[in-house]
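The structure under discussion appears below in the form of structure tokens.
Side-chain atoms are counted along with the backbone in the values below, which use heavy atoms only and exclude waters and symmetry mates. Because the structure is a prediction, the values reported are computed rather than measured. By convention in this document, chain letters (A, B, ...) are assigned in the order of the sequence lines, proteins followed by strands, and residues within each chain are numbered from 1.
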2 protein chains.
Amino acid sequence: MSTDSSQNGDARPTLAEVARTAGVSEITASRALRGGTHVARRTLEKVEAAARALNYVPNRLAGTLAGGRSRQVAVVLPSLSNSVFADVLNGLETHLEQAGHHPILGVSNYDPHHEERLVADLLSWRPAGLVIAPAASTEATRKMLAGAGVPVVEIMDIDPAPIDMAVGLSQRAAGRAMAHYLIGRGYRKIAYVGHDISTDPRATTRLDGLEQGLSEAEIKLAATVILPGPSSVPLGREAVARLLREVEPGGLAVCFSNDDMAVGAMFHALDAGLDVPGDIALAGFNALAIGQALPLPLTSVASRRDEIGALAAKALLARFAGEDVARVQDVGFRLIPGATT
Amino acid sequence: MSTDSSQNGDARPTLAEVARTAGVSEITASRALRGGTHVARRTLEKVEAAARALNYVPNRLAGTLAGGRSRQVAVVLPSLSNSVFADVLNGLETHLEQAGHHPILGVSNYDPHHEERLVADLLSWRPAGLVIAPAASTEATRKMLAGAGVPVVEIMDIDPAPIDMAVGLSQRAAGRAMAHYLIGRGYRKIAYVGHDISTDPRATTRLDGLEQGLSEAEIKLAATVILPGPSSVPLGREAVARLLREVEPGGLAVCFSNDDMAVGAMFHALDAGLDVPGDIALAGFNALAIGQALPLPLTSVASRRDEIGALAAKALLARFAGEDVARVQDVGFRLIPGATT
DNA sequence: GTGAAAGCGCTAACAT
DNA sequence: ATGTTAGCGCTTTCAC
């Protein structure tokens, strides 16, 4: 009947109702419910009691609109089926949430135009910041990010110049390191096996680095097998089977686009009775738990994924607090020599 | 200088500015920018041109506050390191996003009190709906969900009575099915190996179901090994090694809390020279790609994780549209006999 | 320490 | 088809 919000039946109680129940003004209730500064102890208690009694849940949409900065952070990832991004997201979420922030998620599926739409959509929620693992971003996407007016962290690769901030590792250096390692182990016949990396900038850069590292020793890839679809254990298994139709085993080392693929290859070798690393040596990327738990630990490159998420979150939080943050943060990588090479 | 929003320098342009640039009123610009109904063709074009020229990004906080329903959906998951939830989240995100909705994410780490805080926090963003894979939720959490005033979907398990809607499978039935299968294969010495499931209601229910299924044949678990920490390949490897100190191999079948653990056990068997399934039979849960790619495909129970995410999203979207939705949706499961049993 | 007024950017409702 | 008015629920001034 009345338009008074304290009469709105089963709708959510508003701050106005809390205030009226506590017998204070709206703004006092507001102050009490946040920090509680500039509010008398007694008033604070009254307001808190009223809020509890009414089961008050603040409306952050209204709060943000009135007050300024949101406590949401947009997160754009190319995939979730790759556990690498699940790990990163986990690190992000943990650290954001500790500071009372929450991720709004978008998954681009490595599609640049989809990514563009996502960035636009997420930005319309006026997040306090944005974290993105780019997928061959369009120019329009880069423009939106540059003009977002909030801190932006690009994660995973630190080779390209960052729009604002970057947290990750040099994918190129990681690729080169693998080349140097294999050469050092005496391999000269080296092949690459990957999933479709045309839209995966990081896998592409790693392959570049690998070829670059090899070329420094005047070595060229003996073969390259690239299968369509996202990386997976079964795909690696199939891909290596194909490779072995082109290339003789024996002194052969194979670099995979990542550990999933390499594990698949290991399974194929077990099945086909191939000796690892005698007939075929295997090297992955990311040092996933699965590869390290194999009967023969997989040679791989450890990337600190949780750390990337954590640092990205911290970089944002620091910027929210007005602090200066390094434009580029390198979490590094570590080549893990396993028993498969 | 002026307070006129068309003079606000580098701040984001508002609808008012778009309207003024297009020479129309705010509400007309608003109408044009959404559907474009009840707007003259010519006006529509002017407004769109103005928006493009100003690089206008709508402010959905304001839109939601004024207009009603948000296009955000709260998603609360117990973990991301388990690929099962990454898959579910992927399905959710895909289908939500197609309808212009976006997930706000919270990860509870299987901590009921953390979960409670998360639900409260996420609800304060006034999402249009909420999806949760519960982690032994507190009574307070259940109350919040019941009183959220928006559709709530509990996912993964359909055994408990849903607060609002549930999408998943009967974890208990899945456990029983595994028991029946192993008994049918002639196994009588059956053990369970798991990660810490005290806060994982689904793993607990599956174990219940397993024991129940066994008891129907008057069989009791020969041994139970539960190791602290989240499930993983290395943990499964370690856990099975411990089990074999308690129980003799030979005619032994082991059920694992999930595939990760079972794969670890397989690796241990390979290493220890144990014959699978002769010495030790292995059964997992979830039918992850990794298990199916093993030289010996792993016996497991296929759960349709993407499907759960997809159906949960669709259930919400249907309810947003005012349609009726079944309270419980069973995606079922399928026992996949592999070569490890 | 507390409050009144104004407004964040948008849309629903009711004009016209 | 377009505009006017009145908020959504909160916080920022600026008073007292």
Side-chain angles (χ1 to χ4, degrees), chain A residues 2-8 11-47 50-51 54 56-71 123-128 149, chain B residues 2-8 11-47 50-51 54 56-71 123-128 149:
Chain A
S2 159
T3 182
D4 183 335
S5 59
S6 65
Q7 297 283 111
N8 61 6
R12 307 215 67 102
T14 67
L15 184 61
E17 294 172 60
V18 175
R20 131 195 299 261
T21 323
V24 298
S25 74
E26 238 180 293
I27 182 60
T28 300
S30 172
R31 285 196 268 249
L33 258 17
R34 306 171 280 159
T37 39
H38 296 269
V39 174
R41 188 159 175 52
R42 168 114 187 71
T43 312
L44 181 70
E45 283 159 8
K46 276 194 304 187
V47 172
L54 294 175
Y56 173 68
V57 176
N59 183 333
R60 284 186 210 269
L61 292 179
T64 303
L65 183 60
R69 236 200 36 247
S70 164
R71 282 175 169 276
L123 247 22
S124 74
W125 289 106
R126 293 292 188 276
Chain B
S2 161
T3 182
D4 183 335
S5 58
S6 64
Q7 299 282 110
N8 61 6
R12 307 216 67 101
T14 67
L15 184 62
E17 293 172 60
V18 175
R20 130 196 297 262
T21 325
V24 298
S25 75
E26 244 181 286
I27 184 65
T28 300
S30 172
R31 284 196 269 249
L33 257 18
R34 305 172 281 160
T37 40
H38 298 270
V39 175
R41 190 162 174 50
R42 169 115 186 70
T43 312
L44 182 69
E45 283 160 6
K46 277 194 305 187
V47 173
L54 293 175
Y56 174 67
V57 176
N59 183 334
R60 284 187 209 269
L61 293 179
T64 303
L65 184 60
R69 237 201 34 247
S70 164
R71 283 175 169 274
L123 247 23
S124 74
W125 289 106
R126 293 290 187 275

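- Taking the side chain of A/V39 as heavy atoms from C-beta on, and the options D/dT2, C/dG9, C/dT2, the nearest nucleotide is C/dT2.
- Put simply, CZ on B/R69 is 12 Å from P on C/dA12, counting in whole angstrom units.
- Listed here is the closest heavy atom pair of B/A29 and B/L15: CB-CD1, 3.8 Å.
- Counting only heavy atoms from C-beta on, A/I27 has its side chain closest to D/dT11 among D/dT11, C/dG1, D/dG3.
- When side chains are defined from C-beta on, B/T64 does not count as touching B/R126, because their heavy atoms never get closer than 4.5 Å.
- The side chain of B/T28 places no N or O atom within less than 4.0 Å of a non-bridging phosphate oxygen (OP1 or OP2) of D/dT2.
- Using a 4.5 Å heavy-atom threshold, the side chains of B/V47 and B/L33 count as touching.
- Residue A/W125 contributes atom CH2, which lies 13 Å from atom P of C/dC10 at whole-angstrom precision.
- Two residues, B/R41 and B/L65, neighbour DNA chain D, and the one matched to the more 5' nucleotide by heavy-atom proximity is B/R41.
- No engagement by B/R60 is indicated, since no non-hydrogen atom pair under 4.0 Å with the nucleic acid exists.
- Distances from the side chain of B/N59 to the nucleotides D/dT2, C/dC10, D/dT4 place C/dC10 closest.
- Regarding A/K46, its NZ atom lies at a distance of 15 Å from the P atom of C/dG1, rounded to whole Å.
- Across all strands, B/R34 comes closer than 4.0 Å only to sugar-phosphate atoms, never to a base (heavy-atom distances).
- Distance, A/R71 CZ to D/dT11 P: 11 Å, rounded to whole Å.
- Put simply, the side chain of A/R31 and the base of C/dG3 share a donor and an acceptor less than 3.5 Å apart.
- Between the side chain of A/S30 and the backbone N or O of A/E26, no donor-acceptor pair lies under 3.5 Å.
- Residue B/V24 places its side chain closer to D/dG3 than to any other of D/dG3, D/dC10, D/dA1.
- Among residues at least two apart or in separate chains, there is no salt bridge (Lys or Arg N to Asp or Glu O under 4.0 Å) pair with a member in residues 27-37 of chain B.
- If you check every strand for non-hydrogen atoms under 4.0 Å, B/T64 touches nothing.
- Counting heavy atoms from C-beta on, the side chains of B/N59 and B/R12 never come closer than 4.5 Å.
- Going from atom CZ of B/R20 over to atom P of C/dG9 covers 14 Å, rounded to whole Å.
- The distance between atom CZ of B/R42 and atom P of D/dT2, rounded to the nearest whole Å, is 10 Å.
- Note: CG (B/L54) to C1' (C/dG9) measures 15 Å, nearest angstrom.
- For A/E26, the side-chain atoms get nearest to D/dC10 when compared with the rest of D/dC10, C/dT11, D/dA1.
- For the pair A/Y56 and D/dC10, the criterion of a side-chain N or O lying under 4.0 Å from OP1 or OP2 is met.
- For C/dT11, the OP1/OP2 oxygens have a side-chain nitrogen or oxygen of B/S30 closer than 4.0 Å.
- Between B/A66 and B/T43, the residue anchored nearer the 5' end of DNA chain D, judged by the nucleotide with its closest heavy atom, is B/T43.
- Residue A/H38 contributes atom NE2, which lies 15 Å from atom P of D/dC14 at whole-angstrom precision.
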